[in-house]
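One structure is given here, and the rest of the page talks about it.
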Protein chains: 2
Amino acid sequence: MVVVTPPLERRSESNDVVRLIDLFHEVLRASLRELHPTLTKEGITMGQFWAIHTVSSLQGASVSTVARYLGVSAPTVCGNIDQLEDAGLVRRHRSERDRRAVELSLTPRGRKVEARIWSEIAGVMAEAARGLPETDVAASVRVFTAVTHRLSRSGTLRPEGT
Amino acid sequence: MVVVTPPLERRSESNDVVRLIDLFHEVLRASLRELHPTLTKEGITMGQFWAIHTVSSLQGASVSTVARYLGVSAPTVCGNIDQLEDAGLVRRHRSERDRRAVELSLTPRGRKVEARIWSEIAGVMAEAARGLPETDVAASVRVFTAVTHRLSRSGTLRPEGT
DNA sequence: TATTGTTATACTCTATAACTATA
DNA sequence: TATAGTTATAGAGTATAACAATA
């Protein structure tokens, strides 16, 4: 791992935070590497996977809702959904109440693909986290939950408002 | 935040791990959003920032060393360094011992830019982590350190060997 | 007028392949 | 023959702008 040289003059209590960010970046890269073969095998991309996950979590979500949640533009999600629909993993149908909107849902096959990928991820991560104290993992969840809340508060859900 | 619906039939101890991944994804997106304006202001991209950070951490590193560390291809790093050199943030000079290799170093201006960006990141994250128990943050660092080690072990440092 | 979804288009990032020069 | 760096090129991924249908 890259050794964190002090990037700040002061070496205050924020050092732990900087270290955490560096670790975060490494875990990110390593996770993407691990996940890549699985996604390739299923024939979908990272963006498509997160689209599937969001459609699955938010039942009956629209394109723009998914876009807001993932923090990407509507055309990006639209393209992802196009491909997922072609692959038979996601269904579109016009909303009855607001005929501009499109309601998204997973097909049975889409649900199976999502489950397989999550299962693969969980296996890899469980392996990587094996033997770690439950209390430490729980503490990480607490930290990330809190950080997520505050970041998404201040972030005001771009990228529309650039 | 996206509610994690049970993606696995079994709801075993791996549930915490799945939750952690979902949180991880959210923190990632939120962090990138936070960081984007700062990087734009400094006139560099995310990839260029990590290149600067790696050059700074690994004193006298070569292009290929940086590429291996970041898990990206040599041409990508080469391009990043090109732009950073044009911007006057990084210097190249041929190694004396192996005249194929290029040794990289930050210019004084490059060091200032790195410090400013880290300072900004640390500020944002410290704000986001404010009030959290020190012990929880420390536990997160332990978890991420362990996970990083095991993931980079099994990952065998692609993307050359695809 | 504002909003949803979509299409058209351009730009950035990244990778593979091919080339040069050293070893 | 292998390695370090570079150049050329192509493919993903994403965003902005413009458009159609609906509210």
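We name chains A, B, ... by the order of the sequence lines, and we start the count at 1 in each one.
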Members of residues 79-97 of chain B that approach DNA chain D, where some heavy atom sits under 4.0 Å away: B:Asp82, B:Arg92
Stepwise salt bridge (charged side-chain N to carboxylate O under 4.0 Å, His left out) check, A:Glu42 with A:Arg116: CA-CA 9 Å; A:Glu42 297 286 354; A:Arg116 271 203 300 272; 2.7 Å; yes
N/O (side chain, A:Ser64) to phosphate O (OP1/OP2, C:dG5) under 4.0 Å: yes
C:dA15 phosphate, OP1 or OP2, under 4.0 Å from B:Thr76 side-chain N/O: yes
Nucleotide nearest B:Arg99 when distance is taken to its side chain, options C:dA23, D:dT16, C:dG5: C:dA23
Side-chain N,O (B:Ser73) to OP1/OP2 (C:dT14) below 4.0 Å: no
With sequence neighbours excluded, residues passing side chain to side chain contact (heavy atoms under 4.5 Å, CB included) with A:Ala139: A:Arg142, B:Asp136, B:Ala139
Partner residues of A:Thr76 under the side-chain hydrogen bond (donor to acceptor under 3.5 Å, both in side chains) criterion, sequence neighbours left out: A:Ser73
Closest to side chain of A:Asp98, choosing from C:dA23, D:dA23, C:dT6: D:dA23
Listed partners of A:Arg97 passing side-chain hydrogen bond (donor to acceptor under 3.5 Å, both in side chains), at least two apart: none
Check: D:dT3 base within 3.5 Å donor-acceptor of B:Arg100 side chain: yes
Options C:dG5, C:dT6, D:dT6, nucleotide nearest the side-chain atoms of A:Ala74: C:dT6
Criterion salt bridge (charged side-chain N to carboxylate O under 4.0 Å, His left out) on B:Glu103 and B:Arg92, from CA distance to verdict: CA-CA 6 Å; B:Glu103 286 169 8; B:Arg92 269 189 245 237; over 6 Å; no
Pairing residues for A:Arg94 by the side-chain hydrogen bond (donor to acceptor under 3.5 Å, both in side chains) criterion, not counting sequence neighbours: none
By side chain to side chain contact (heavy atoms under 4.5 Å, CB included) - contacts of B:Gln83 (at least two apart): B:Gln48, B:Asn80
A:Gln48 CD to D:dA12 P, straight-line distance once rounded to whole Å: 11 Å
Candidates C:dG5, D:dA15, D:dT22 - which lies nearest the side chain of A:Val72: D:dA15
Residues forming a salt bridge (charged side-chain N to carboxylate O under 4.0 Å, His left out) with B:Arg100, sequence neighbours excluded: B:Asp98
Atom-pair distance (CZ on A:Phe49; P on D:dG13), nearest Å: 15 Å
Please list, pair by pair, any protein nitrogen or oxygen found under 3.5 Å from a nitrogen or oxygen in nucleotides 9-12 of chain C.
none

Listed partners of A:Arg91 passing side-chain hydrogen bond (donor to acceptor under 3.5 Å, both in side chains), at least two apart: none
